[in-house]
Amino acid sequence: MSALRELYQEVILDHNKSPRNFGRMADATRKVEGYNPLCGDHYTVYVRLEGDIIKDVRFEGTGCAISKASASVMSAAVKGKTKAEAEMLFRSFHKVVTGVADPMKHVEELGKLAAFSGVSEFPARVKCATLAWHTLHSALESKTTVVSTEKD
Ligand code: ZN
């Protein structure tokens, strides 16, 4: 587990300092806001879907280091994946951060996402780590939230 702990520190620091895919997306086909009032994390997740493929993901907003790093790693992990693949990844990620599954069994599938298994010891932080994923999930499910560059 100590390797995961090191990875946790490294991933949180790195992705918090320089979040990947951070900022708005002009040609998003889905846009959903996610809010975690317990911590004050507040993000907007943008998705550009082409058929079933997540062609691009971006996010913007503010929150704690864990929520921001998680959103950053999530965006990098699901880009280019199908909706079903992204949902599957979310399920594994959720199991690992809630301590239901052994992170070592999911390391290969989750990559850097496995680092977040460290939050399973801190139930309050689980919501920080999963916020971006829940937001992505609604974005993928939503059939009405079509973003127009003419609005907003
Ligand atoms: Zn938070």
Side-chain angles (χ1 to χ4, degrees), residues 3-4 7-36 39 41-120 122 125-149 152:
L4 272 179
L7 186 64
Y8 176 69
Q9 300 286 347
E10 193 187 302
V11 167
I12 303 276
L13 278 174
D14 173 25
H15 283 260
N16 190 47
K17 208 168 95 185
S18 41
R20 318 298 196 270
N21 308 303
F22 191 75
R24 331 186 54 128
M25 190 196 297
D27 57 351
T29 54
R30 307 280 168 86
K31 173 191 169 188
V32 173
E33 252 180 87
Y35 187 47
N36 172 18
C39 181
D41 310 317
H42 189 188
Y43 295 97
T44 301
V45 172
Y46 302 88
V47 179
R48 186 158 59 81
L49 277 175
E50 277 181 31
D52 243 14
I53 311 281
I54 301 167
K55 289 299 248 188
D56 202 7
V57 195
R58 295 183 72 78
F59 74 101
E60 63 174 1
T62 52
C64 67
I66 291 174
S67 66
K68 185 181 270 184
S70 174
S72 172
V73 178
M74 177 278 282
S75 69
V78 302
K79 206 188 269 197
K81 291 209 160 33
T82 65
K83 286 203 285 190
E85 285 167 345
E87 297 286 5
M88 228 154 69
L89 207 53
F90 178 29
R91 276 196 293 275
S92 300
F93 178 75
H94 198 268
K95 275 188 212 159
V96 161
V97 295
T98 51
V100 173
D102 177 0
M104 296 315 284
K105 288 192 180 138
H106 293 272
V107 161
E108 206 168 308
E109 177 195 7
L110 291 173
K112 282 186 176 172
L113 291 165
F116 291 88
S117 61
V119 304
S120 65
F122 311 98
R125 310 319 297 271
V126 170
K127 291 195 172 165
C128 301
T130 55
L131 175 63
W133 285 95
H134 283 295
T135 312
L136 173 76
H137 175 70
S138 341
L140 295 179
E141 294 248 296
S142 147
K143 289 180 176 66
T144 50
T145 320
V146 179
V147 169
S148 165
T149 51
D152 208 359

Kindly assign one of parallel, tilted or perpendicular to the pair Phe90 and His137, based on the angle between their ring planes and the thresholds 30° and 60°.
->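 It falls in the tilted class, 30° to 60°.
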How many angstroms lie between atom [atom1] of [X] and atom [atom2] of [Y], to the nearest 0.5 angstrom?
X      : Y      : atom1 : atom2 : result
Glu33  : Thr135 : CD    : OG1   : 9.0 Å
Leu131 : Leu136 : CG    : CG    : 11.0 Å
Phe116 : Leu110 : CZ    : CG    : 11.0 Å
Tyr35  : Thr44  : OH    : OG1   : 12.5 Å

Check [X] against [Y] and note the closest heavy-atom contact, atom names and distance.
X      : Y      : value
Leu4   : Ser117 : CD1-OG, 3.7 Å
Val32  : Ala139 : CG2-CA, 3.5 Å
Cys128 : Ile66  : CB-CG2, 4.0 Å
Ala101 : His106 : CB-NE2, 3.6 Å
Ala77  : Leu89  : CB-CD2, 4.0 Å

Are side-chain heavy atoms of [X] and [Y] found at a separation under 4.5 Å?
X      : Y      : result
Leu49  : Ile54  : yes
Glu141 : Arg30  : no
Asn21  : Val57  : no
Leu113 : Trp133 : yes

Would you call Arg125 and Asp41 a salt bridge, using N to O less than 4.0 angstrom?
-> no
Mind running side chain to side chain contact (heavy atoms under 4.5 Å, CB included) on Tyr46 and Glu60 for me, showing each step along the way?
-> CA-CA 8 Å; Tyr46 302 88; Glu60 63 174 1; 2.6 Å; yes
Check for a donor-acceptor pair, side chain of Ser72 on one end and backbone N or O of Arg20 on the other, with a separation under 3.5 Å.
->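 Side chain of Ser72 to backbone of Arg20: a pair is present.
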Test item: Thr130 side-chain N/O and Val126 main-chain N/O as donor-acceptor pair under 3.5 Å = yes
Ser92: partners by side chain to side chain donor-acceptor pair (under 3.5 Å), with sequence neighbours left out |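 Only Glu109 meet the side chain to side chain donor-acceptor pair (under 3.5 Å) criterion with Ser92.
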Just jot down the side chain to side chain donor-acceptor pair (under 3.5 Å) partners of Tyr43, sequence neighbours excluded, or say none.
-> Ser67
How would you list, by chain and number, every residue that makes a side chain to side chain contact (heavy atoms under 4.5 Å, CB included) with Lys55, sequence neighbours excluded?
->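 Side chain to side chain contact (heavy atoms under 4.5 Å, CB included) list for Lys55, sorted by chain: Arg48, Glu50, Ile53.
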Residues forming a side chain to side chain contact (heavy atoms under 4.5 Å, CB included) with Asn16, sequence neighbours excluded =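 Checked Asn16 against side chain to side chain contact (heavy atoms under 4.5 Å, CB included); matches are Ala65, Lys68.
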Enumerate the residue pairs fulfilling salt bridge (Lys or Arg N to Asp or Glu O under 4.0 Å) with a member in residues 73-86, sequence neighbours excluded, ordered by first and then second residue.
-> Asp56-Lys79
Any residue meeting ring-ring contact (aromatic ring centres under 6.0 Å, His included) with Phe22, in chain and number order, not counting sequence neighbours = Phe59
